[in-house]
Amino acid sequence: MELRKWMNPIMLSCKKAAFLIDKKEHKRLSPIRKLQLKIHTFICEACHSYEKQSRTIGNAISHCFGDKYLEDRPLPTNVKDRIMNQIKKEERTS
């Protein structure tokens with residue numbers, strides 16, 4: 001019973017884990033978020049697979065298009081702002 005109380009703040013839901021997997025492709029995670037994600041993906045096979053697939057897709061895109069692809073097509077400021085606001089909102093709720 002005591003272990004469950006201790007682990008509850010550390011464990012992530014799969015939804016939050018998927019969010020962090022996607023987020024870490026574009027932004028550095030805090031040490032506590034890194035640890036939470038590492039624990040979750042160690043325990044959860046589905047999220048572990050999702051993380052590997054996400055990494056593979058990201059590497060393939062970088063290999064095919066390189067960084068120049070991203071530089072040639074910058075996001076409009078309003079889109080960047082919406083994305084950053086959503087990330088901040090998700091961080092506050094987790």
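None of these values were measured; they are calculated from a predicted model.
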How many angstroms lie between atom [atom1] of [X] and atom [atom2] of [Y], to the nearest 0.5 angstrom?
X     : Y     : atom1 : atom2 : answer
Ile39 : Leu35 : CD1   : CG    : 4.0 Å
Gln86 : Phe19 : CD    : CZ    : 7.0 Å
Ile57 : Arg55 : CD1   : CZ    : 11.5 Å
His48 : Lys38 : NE2   : NZ    : 11.0 Å
Ile83 : Lys27 : CD1   : NZ    : 12.0 Å

Among residues at least two apart in sequence or on other chains, which ones pass side-chain contact (heavy atoms from CB on, under 4.5 Å) with [X]?
X     : result
Asp81 : Thr77
Pro76 : Asn78, Val79
Gln53 : none
Lys15 : Ser13

Next on the checklist: Is any side-chain heavy atom of Ile43 closer than 4.5 Å to one of Met11?
Outcome noted: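 Of all side-chain heavy-atom pairs linking Ile43 with Met11, at least one is under 4.5 Å.
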Next on the checklist: Measuring only between side-chain heavy atoms, which start at C-beta, is Lys89 closer than 4.5 Å to Met84?
Outcome noted: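 Lys89 does not reach Met84 side chain to side chain.
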Checklist entry - Which heavy atom of Ile21 sits nearest a heavy atom of Cys47, and at what distance? => result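 Closest heavy-atom pair between Ile21 and Cys47: CD1-O, 3.7 Å.
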Item to check | Lys34: salt bridge (charged side-chain N to carboxylate O under 4.0 Å, His left out) partners, not counting sequence neighbours | outcome: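 Scan of Lys34 (salt bridge (charged side-chain N to carboxylate O under 4.0 Å, His left out), adjacent residues dropped) gives none.
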Checklist entry - Ignoring hydrogens and geometry, is there a side-chain-to-backbone donor-acceptor pair from His40 to Leu12 under 3.5 Å? => result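 Yes; judged by distance alone, with no hydrogens or angles, the pair exists.
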Next on the checklist: Would the distance check show the side chain of Thr41 and the main-chain N or O of Leu37 forming a donor-acceptor pair, the cut-off being under 3.5 Å?
Outcome noted: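 Side chain of Thr41 to backbone of Leu37, a donor-acceptor pair under 3.5 Å: yes, one is there.
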Item to check | Residues forming a side chain to side chain donor-acceptor pair (under 3.5 Å) with Lys24, sequence neighbours excluded | outcome: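 For Lys24, the residues satisfying side chain to side chain donor-acceptor pair (under 3.5 Å) (neighbours in sequence not counted) are Glu51.
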